[in-house]
2 protein chains.
Amino acid sequence: MSSQSIPQPEELFTITGVTAEFDVTARTLRHYEEIGLISPLRRGSQRLYTARDRVRIRLILRGRRLGFALGEIHEMLDLYDADPTEVTQLREVIQRGDDKLQELYTQVAELQEVITELVELRARMKIRLDAITAEGEPL
Amino acid sequence: MSSQSIPQPEELFTITGVTAEFDVTARTLRHYEEIGLISPLRRGSQRLYTARDRVRIRLILRGRRLGFALGEIHEMLDLYDADPTEVTQLREVIQRGDDKLQELYTQVAELQEVITELVELRARMKIRLDAITAEGEPL
DNA sequence: AATCCCCTTTACGTAAACGGAAAATGTCTG
DNA sequence: CAGACATTTTCCGTTTACGTAAAGGGGATT
């Protein structure tokens, strides 16, 4: 049974291709590489981004939009990369994932509080606006 | 009809009181003041934090936990502070609030995607763990 | 008066996350 | 093969959000 992934004639992107795909600068991609978030292939000195690299870049950018630091994103990517042989390690990875999940649940809850407050604020302002416009412009 | 808030003998906190309440450093509070997020009273040169200040500090810290920059938090606090007399301004504030709300909805959606992925990852790991432990420990 | 303790301002330092320019090298295209 | 354009490394600059002395004011206590 060989479910080995056959090395497809993979689609390799050059750095400008990736900057175009994700609307980031080359500097940013090199920075992510410097801190070990991605590790594109090399053809000579040139970077070549595989599908895997681009998946990770997508995850990184989404993490950034959500306000996570690159260090945190690194930790989360490590969860995906983890391929532990020992049971102890496996348990630990699961635990780390659970911890991160707990943070995320908290974050969603807090975000929803903010949303609720903003919605209420909006309602109060709308009432004021309606009051004012009803007075001044009788239609 | 006077629903004016009577100036209660307000509870004023000193800076160390506030640092204790919120577990932040004094430097942080002074920094928030420097960039105009709060403006505590003064008794001589000493800062005195009113209930209003502390409400704002609470909001600021929650914003930070959610990954918002202090600049963004400033904008959101401005929404609360806004007391526009002109209809045009009022409309604009409502619009800014709606824009921010839209961002928040997007953010919640993305967070939930991350959560889903992590949950799935966890399930896969759990299966592996169960497989390994079932083999080694026949109990 | 000396010693605490809390508070203040001023000012330089730092970590994170890149930005941007320089100079060298690589690659494609006519 | 020349010229244009892409990429590379190197390195210093910038912004954000504070940290961290340094130097001192002003009460309360001993």
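Letters A, B, ... are given to chains in the order of the sequence lines, protein chains preceding strands, and every chain is numbered from 1. What you see is a predicted model; the values in this text were computed from it and never measured.
B:Arg54 places no side-chain N or O within 3.5 Å of a backbone atom of B:Val18 that could act as its donor or acceptor partner. The main-chain N or O of A:Gly17 is never found under 3.5 Å from a side-chain atom of A:Thr14 such that the two would form a donor-acceptor pair. With hydrogens and angles ignored, the 3.5 Å screen pairs no side-chain donor or acceptor of B:Arg56 with any backbone N or O of B:Ser39. Side chain of A:Asp130 to backbone of A:Ile127: no donor-acceptor contact under 3.5 angstrom is found.
Residue B:Thr28 places no side-chain N or O under 4.0 Å from the OP1 or OP2 atom of D:dA17. Distances shown here put a side-chain N or O of B:Thr25 below 4.0 Å from the OP1 or OP2 atom of D:dG19. Taking only side-chain nitrogens and oxygens, A:Arg47 comes nearer than 4.0 Å to OP1 or OP2 of D:dT8. Proximity of A:Thr14 to the phosphate of D:dA6: no side-chain N or O atom is located under 4.0 Å from OP1 or OP2. Close to D:dC18, at under 4.0 Å from its OP1 or OP2, lies a side-chain N or O of B:Tyr32.
Note on B:Ala26: nothing from the nucleic acid sits closer than 4.0 angstrom, heavy atoms only. Across all strands shown, B:Arg30 has heavy atoms under 4.0 Å from base atoms, whether or not it also approaches the sugar-phosphate.
Counting only N and O atoms by type, the side chains of B:Gln95 and B:Asp99 include a donor and acceptor under 3.5 Å apart.
Between the C1' atom of D:dA17 and the CD1 atom of B:Ile35 lies a distance of 8 Å, rounded to the nearest Å. Distance CG (B:Leu37) to C1' (D:dT16): 13 Å, rounded to an integer number of Å. Rounded to whole Å, the distance from CZ on A:Phe13 to P on D:dT7 is 13 Å. For B:Arg42 and D:dG25, the CZ to P distance is 17 Å, given to the nearest whole Å. When rounded to the nearest whole Å, the span between CD of B:Glu34 and C1' of D:dT15 equals 15 Å. Protein atom CD of A:Glu33 is 12 Å distant from nucleotide atom P of D:dT10, rounded to whole Å.
When each of B:Tyr49 and A:Arg64 is assigned the nucleotide of DNA chain C bearing its nearest heavy atom, the one mapping closer to the 5' terminus is B:Tyr49.
A salt bridge is absent between A:Arg65 and B:Glu103; no separation between the charged side-chain nitrogens and carboxylate oxygens falls under 4.0 Å.
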Requested in this report: Starting from the C-alpha separation in whole Å, work towards a yes-or-no answer on side-chain contact (heavy atoms from CB on, under 4.5 Å) for A:Leu12 and A:Arg43.
Outcome: CA-CA 11 Å; A:Leu12 297 176; A:Arg43 179 170 57 196; over 6 Å; no

**Report entry** Reading 5' to 3' through nucleotides 21-30 of chain C, protein heavy-atom contacts under 4.0 Å coded B for base, S for sugar-phosphate only, - for none
**Finding:** ----------

